[in-house]
Structures are given as structure tokens and as C-alpha cells.
Amino acid sequence: MPELPEVESVRRSLAPHVIGRRVVRARARRRDVVRGKASPGALLEGDRIRHLHRRGKQLGIEGEGGGVIVVHLGMSGQLLTADRSRRYPSHTHVVWKFDDFDDLQSTRGLLFRDPRRFGGVWTFPSLEHARRERWDELGPEGTEISSSDLSRALAGSRRRIKSLLLMQERVAGLGNIYADESLFRAGVSPWRQANSLEPEEMADLARSIREVLVSASDRGGSTLSDEGYVNADGEPGSFQDELRVYGRGGASCVRCGGELAQDRLEQRSTVWCPTCQP
DNA sequence: ACCCGCACCTGTAAGC
DNA sequence: TGCTTACAGGTGCGGG
């Protein structure tokens with residue numbers, strides 16, 4: 001489910017609830033969802049939360065003791081704030097409870113739930129470890145990728161451009177939705193060989209990637225159906241209203257009015273405009 | 001190097 | 001109203 005804009009929206013919505021809060025209890029209800037140490041200490045029990053990081057589609061929760069929890073939401077993962085009065089939703093795998101003093105308004109805890117369990121939680125003793133073991137292998141952040149960054153990331157490959165855009169080690173943050181959207185806005189067909197792009201197309205594509213990811217983040221991400229993505233407050237995004245190709249196969253192109261094509265590109269449903277993206 | 005198929009899981013929606 | 005099937009936003013692996 002979540003691509004960079006959804007993860008960034010989770011980060012922003014979560015921050016006011018968790019920064020500075022002390023974790024009085026942390027538990028993995030399902031051990032296999034936690035890779036690395038699953039001990040309460042590794043899950044920041046006893047720590048105050050210092051900062052929330054994001055790298056590509058991954059979220060990092062840093063404690064004042066230096067420990068870091070990396071959360072990857074996969075397809076169906078959610079980080080939700082929890083009220084003490086309510087029962088945990090189904091598929092809640094990790095639970096953090098906060099010291100709430102006597103502040104009745106504030107969040108009592110944080111939950112990680114993930115019905116499909118493609119996501120997970122990784123614990124590290126420090127930010128250095130998290131970077132070295134999980135983040136260094138990622139490509140440049142899609143939100144700030146320059147034309148030359150993109151050229152370097154795609155260098156020499158004859159593969160179809162869309163396949164490469166989906167590889168996190170090339171560009172960090174794009175998934176199926178925003179890859180299609182970026183290609184449409186740049187006027188580049190998803191089927192083009194990466195090494196066939198002209199410098200001007202490369203610049204257009206880099207700009208489109210930045211614009212799509214940044215504006216989607218500012219709109220809270222895309223929520224495609226109910227029971228879909230929501231932020232840490234349980235609120236959906238609104239960028240689905242701005243999607244120009246994704247989910248619109250057979251409908252008319254917003255630019256030329258022609259019919260949008262839909263097909264499978266390496267097992268991923270792909271929508272594009274044959275006229276605007278030759 | 002590249003592409004395909006499939007696997008990991010559960011939920012939902014469409015089709016019969 | 002069932003029951004079956006296909007498909008879903010992410011990743012990773014083996015094989016041709």
C-alpha cells in the first residue's frame with residue numbers, strides 16, 4: 001500500500017503524538033513481525049522518543065537512548081495511535097504504551113498493525129546501524145532527485161523505465177501508483193528502455209517524480225478504497241483525486257482526451273496514455 | 001542482464 | 001445468498 005507520500009504522511013501525523021513521550025511498555029504480540037532483537041528494550045521500552053525519520057518508504061523511530069526502530073509498512077501496514085479505552089484492532093502485532101501523566105487528551109499508545117504481514121519492524125542499537133544495514137542501499141530520495149541523480153540511477157540499463165523506477169536501490173520512494181503518475185506527467189512511456197531517454201526527458205522525469213511525491217505528501221497521500229491507507233490519526237489522504245492515470249485504464253486522458261491504455265508490465269498493473277506517452 | 005513466475009498473507013470485490 | 005476467483009499500493013528469490 002504505502003509509498004513515500006503515505007509514509008511521510010504517517011510520519012507527520014504521528015510526530016505530535018509521540019515525540020517526547022516515554023514508552024513505559026513495549027511488546028511484540030507476534031514475534032515474527034520483529035526482525036532483530038524483539039526485547040522490550042530494543043523496542044524502546046523505558047526510552048523517550050526523540051525523533052521520527054523517513055528514508056524512502058521506511059520510517060525510523062529514534063529513542064533518546066540512541067536505539068532505533070525501523071518500520072516498513074509493506075502493503076497493508078499501519079501505525080496508529082491508540083486510546084486506552086478501545087480494544088486493539090485485528091492484526092495488531094506490536095504495541096507501545098506511553099506514560100501519559102494526567103493529560104487526558106493525549107495518546108495512550110502506538111500500534112503497528114499489518115493484516116498481510118508484508119511489512120515489519122527492525123530494531124537497531126543506533127541510527128548508524130539502521131543506516132548501514134537498511135538505508136545505505138537505497139537510491140536517492142525521490143522527493144529531491146535531480147536530473148543527474150536520475151541519469152546516474154538509470155545508467156546503462158536497457159530495462160523498461162518503469163521497472164527501474166520501482167527498484168528502491170535506484171530511486172527511493174516510488175511504488176506502482178506514483179511511478180505511473182510520474183511517467184504520465186513527464187510524457188514518457190513506461191515501456192521505454194531506460195537508456196533511450198534523452199537528457200530533456202530525463203530532466204522532465206526527475207521533475208515529475210519530485211512534484212508528484214511532494215504534492216502527494218502534502219495532500220496526505222492517496223487512499224484508494226475504504227479500508228485502505230490512513231495516517232496515524234486514522235484519516236485518509238486526498239491525493240487520489242489528483243491521480244491522472246492510476247486506476248483510470250479505459251477512461252479518457254486528462255490531457256488529450258484519448259483512451260488510457262492498461263496492461264501488465266512485469267506483473268504490475270500499468271496505465272498510460274499512448275498518445276501523450278509515445 | 002533481464003524477465004517471468006511465484007511466494008509471502010489477508011481482505012475485498014467481481015463473477016457465476 | 002453463497003461459493004470461487006482474481007486482484008491489491010511491496011519485496012525477494014529461483015530459474016530460464
Considering only dC4(B), dG9(C), dG10(C), which nucleotide approaches the side chain of Ile177(A) most closely? dG9(C)
Output for pair (Glu141(A) CD, Trp135(A) CH2), nearest 0.5 Å, gives 9.5 Å
Heavy atoms under 4.0 Å, any strand shown: does Gln267(A) hit a base, just sugar-phosphate, or nothing? base
Cationic N near anionic O, under 4.0 Å, Glu201(A) to Arg192(A): yes
Could you check how far CD of Glu6(A) sits from P of dA8(C), rounded to whole Å? 17 Å
Length of the line joining His72(A):NE2 and dG12(C):P, which is rounded to integer Å: 8 Å
Does dC2(B) have its OP1 or OP2 closer than 4.0 Å to a side-chain nitrogen or oxygen of Ser163(A)? no
Using the P atom as the reference point in each nucleotide, state the distance between dC4(B) and dA8(C) in Å, no decimals. 16 Å
Using the P atom as the point on both nucleotides, what is the distance between dG5(B) and dA6(C), in whole Å? 15 Å
Point-to-point distance, once rounded to the nearest 0.5 Å, from CG of Asp32(A) to NE2 of His93(A): 8.0 Å
Leu166(A) or Arg264(A): which one's nearest nucleotide on DNA chain C is closer to the 5' end? Arg264(A)
Using a cut-off of 4.0 Å on non-hydrogen atoms, how would the nucleic acid contact of Tyr246(A) be classed: base, sugar-phosphate, or nothing? sugar-phosphate
Please check the phosphate of dC9(B) (OP1 and OP2 only) for any side-chain N or O of His91(A) closer than 4.0 Å. no
Could you work out the separation of dC3(C) and dC9(B) based on their P atoms and round it to a whole Å? 25 Å
Could you give the distance from CG (Leu265(A)) to OG (Ser163(A)), rounded to the nearest 0.5 Å? 5.0 Å
Between Gln193(A) (CD) and dA1(B) (P), how many Å, whole number? 15 Å
Using a 4.0 Å heavy-atom cut-off across all strands, classify Ser157(A) as base, sugar-phosphate, or nothing. sugar-phosphate
Compare side-chain N and O positions of Lys57(A) against OP1 and OP2 of dT11(C) and report whether any pair is under 4.0 Å apart. yes
Quick one: on DNA chain B, does Gly156(A) or Asp32(A) contact a more 5' nucleotide (nearest heavy atom)? Gly156(A)
Watson-Crick or G-U stems of DNA chain B, 3 or more pairs, under 3.5 Å, by first number: B:2-8 with C:10-16, B:10-16 with C:2-8
Going by distance alone, is a donor N or O of one side chain under 3.5 Å from an acceptor N or O of the other, for Glu6(A) and Tyr178(A)? yes
Is any side-chain N of the basic residue among Glu45(A) and Arg27(A) closer than 4.0 Å to the acidic one's carboxylate O? yes
Basic-acidic side-chain contact under 4.0 Å: Glu62(A), Arg48(A): no
For atom CD of Gln240(A) and atom C1' of dG9(C), their distance in whole Å: 13 Å
Close residues, residues 128-145 of chain A, relative to DNA chain C [heavy-atom separation under 4.0 Å]: none
With a 3.5 Å distance limit and no angle check, can you tell me whether Gln262(A) reaches the backbone of Arg248(A) through a side-chain donor-acceptor pair? no
Do the side chain of Ser238(A) and the main chain of Arg219(A) share a donor and acceptor less than 3.5 angstrom apart? yes
Can you check whether any acceptor in the base of dA8(C) is under 3.5 Å from a donor in the side chain of Arg116(A), or vice versa? yes
Report the nucleotide, chosen from dC2(B), dC3(B), dG10(C), that has the shortest atom-to-atom distance to any side-chain atom of Glu266(A). dC3(B)
Please check the phosphate of dT10(B) (OP1 and OP2 only) for any side-chain N or O of Arg117(A) closer than 4.0 Å. yes
Which whole-number value in Å describes the distance from Arg268(A) CZ to dG5(B) P? 15 Å
Taking atom types as modelled, is there a side-chain donor on Arg113(A) or Gln78(A) under 3.5 Å from an acceptor on the other? yes
CG on Leu260(A) to CD on Gln277(A), rounded to 0.5 Å: 8.5 Å
Met75(A) CE - dT10(B) C1' separation (whole Å): 10 Å
From dG10(C), dG11(B), dC3(B), pick the nucleotide closest to the side chain of Phe118(A)? dG10(C)
Measure CZ/Phe239(A) against P/dG9(C) and give the value in whole Å, please. 17 Å
Interatomic distance, Arg158(A) CZ vs dC3(B) C1' [rounded to whole Å]: 12 Å
